[in-house]
2 protein chains.
Amino acid sequence: MGTAQRRPPLSRERVLAAAVALADRDGLDALTMRRLAQDLEVEAMSLYHHVANKEALLDGVVEVVVEEIVAATDVAGGPATGDDWRAGLRARILSAREVLLRHPWAPRVLETRTTLSPAVIGYYDGVLGILRAGGFSYDLAHHALHVLGSRTLGFVQELFEPDDPAGADADVTAMLEQLGGRFPHIVGMMAEVAHATEGTLGWCDDQFEFEFALDLILDGLEARRVGDRPRSDAPGNLDDRTT
Amino acid sequence: MGTAQRRPPLSRERVLAAAVALADRDGLDALTMRRLAQDLEVEAMSLYHHVANKEALLDGVVEVVVEEIVAATDVAGGPATGDDWRAGLRARILSAREVLLRHPWAPRVLETRTTLSPAVIGYYDGVLGILRAGGFSYDLAHHALHVLGSRTLGFVQELFEPDDPAGADADVTAMLEQLGGRFPHIVGMMAEVAHATEGTLGWCDDQFEFEFALDLILDGLEARRVGDRPRSDAPGNLDDRTT
DNA sequence: GGTGTAGTCGTACATCGTAAGGCCGTCAAC
DNA sequence: GTTGACGGCCTTACGATGTACGACTACACC
């Protein structure tokens, strides 16, 4: 007795919260059963009485993050009546993005889930509700979810995000100058764009790019909602599976 | 002599080719140094004379896949003069998608790369070339790359792709009926859309959705290229870092 | 008391990436 | 031919990981 026993009992909630905190602090690779147990002042095998295995732990972690998103978006996005669908959805997605910026590891684990949790289903149901209230047919709303993809949850897969922005910047610049002739367009773009956005760290203002893409997509959806004919060549469904 | 020595010597190319074949055959999880060595009739540590470590192996694997994409797109997409930029880019991206459909594990490893290989840089340079020839400013072309994201390379992160389409279909349907009241919009959508696309496996015709999204994005880029004012509220750069 | 039951722990195993050093065949120089 | 260096391959071993299995502990209820 004495100092002992001050440890609160384990629970699924405590395990998941500790897992999220550990990933926030030390990164996703640090989220191992042993280190998680250590944080909880417990042995690794004790965790298995609250989560079935590591996959289930990750499922739970996703659920926690998604619930955080839902809580944030409930504040931001009201019922969104009329053709306010665009503003409502935009606000919701930007709120989701804010949450994910606090958990930069979350997209990577989101993407590895094969089953969708009730929290995610509920979130998507809410998005569908916004679209329906805005006048979307179910068919178009369904396409809209595909178009938005992971952006719905507030992230895009940033391909090739450098580990260390400062160093990588210099390296890439040097490399490109060396390989100048081989990649004329990239070199040209960097010369022009990097100059213009001087002051932004690295190359791209991620927030601006996220909103630029989001607005472009919302514009496209609005055009299809009101029945504009798209300018492009016909979509051309290559393999016609519906016989 | 005799039956021995029929094994050709190892080389970086042979190692990478075997790695791709192994991932194609048994999935990404099966791609371990030991199993790869086994396929090559060699011990695991021998691989380290041709690749520095597993990360370098994955880098090489990515390079092989991207080169396959480049080869495929070189066939499909010619120089693309004039305002044919849209058709050229569309064809290129759909060719890339075809390659990635043969290597379903590739997106997952693509996303984990932190350094970009020359092959990838060259590919993006080509895409930039198409945009420039189509009349894009470097600034807008830069945004375009962000908007397209991983679609440029022919894939989108399909969130929650079920392992087994047939079984998951029944399960989800049953679950949704049970939770009917909680997710009215999703249930409504499934009732309508699933009925309409009967005959397509599972729920969504991935090829159609990919092209729908791609065309929506290309439409939006074209509108911005020719200087249409977007209909949306101003993008509203939230944090103005360029002082 | 006895007896279950749920939570925790200790041990052990298979598998992973890979560090360190040894073996062996090839080939240039003599 | 002999020798010595070297590059490619292998053996062994280490630490980390997820987790199966069984034992221990604490408390509820009879």
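Heavy atoms only: backbone and side chains are in, while hydrogens, waters and symmetry mates are out. In what follows, chains carry the letters A, B, and so on, assigned in the order in which the sequence lines appear, proteins first and then strands, with residues in each chain numbered from 1. All figures in this text were calculated on a predicted structure; none of them were measured in a lab.
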| remark: Here the distance between atom P of C/dT18 and atom CG of B/Leu58, to the nearest Å, is 10 Å

| Is there any side-chain hydrogen bond (donor to acceptor under 3.5 Å, both in side chains) pair reaching into residues 23-32 of chain B, and which pairs are they, with sequence neighbours excluded? | B/Asp24-B/His103, B/Asp24-B/Trp105, B/Arg25-B/Asp39, B/Asp26-B/Arg35

| Protein-nucleotide distance (A/Glu55, atom CD; D/dG18, atom C1'), rounded to Å | 11 Å

| said: Using the side-chain heavy atoms of B/Val42, tell me which of these nucleotides is nearest: C/dC16, D/dT19, D/dC10. | reply: D/dC10

| request: Give the rounded distance in Å between these two atoms: CD of A/Glu41 and C1' of C/dG7. | output: 17 Å

| said: I need the CG-P distance between B/Leu57 and C/dC16, as an integer number of Å. | reply: 14 Å

| said: From C-beta outward on A/Glu43, which listed nucleotide comes closest to its side chain: D/dG18, C/dG10, C/dG17? | reply: C/dG10

| query | Taking atom C1' of C/dG7 as reference, at what distance in whole Å does atom CG of A/Leu40 sit? | reply | 14 Å

| task | Please state how far atom CZ in A/Arg34 lies from atom C1' in C/dG10, giving the value in whole angstrom units. | result | 12 Å

| message | Please give me every residue in residues 44-54 of chain B whose heavy atoms get under 4.0 Å of an atom in DNA chain D, ordered by residue number. | response | B/Met45, B/Ser46, B/His49, B/His50

| request: Not counting sequence neighbours, which residues clear side chain to side chain contact (heavy atoms under 4.5 Å, CB included) with A/Glu55? List them please. | output: A/Asn53, A/Leu58, A/Arg113

| request: Check the distance between D/dG18's P and A/Asp29's CG and give it to me in whole angstrom. | output: 11 Å

| note | Applying side chain to side chain donor-acceptor pair (under 3.5 Å) to A/Arg102 and not counting sequence neighbours gives A/Glu68

| message | Over 60° means perpendicular and under 30° means parallel, so tell me whether B/Phe212 and B/Phe208 are parallel, tilted or perpendicular. | response | tilted

| Partners passing side chain to side chain donor-acceptor pair (under 3.5 Å) against B/Arg97 (at least two apart in sequence or in another chain) | B/Gln207

| Can you check the B/Leu36 CG to D/dC9 P distance for me, whole Å? | 13 Å

| With sequence neighbours left out, which residue pairs that include part of residues 16-73 of chain B fulfil the ring pair (Phe, Tyr, Trp, His ring centres under 6.0 Å) condition? | none

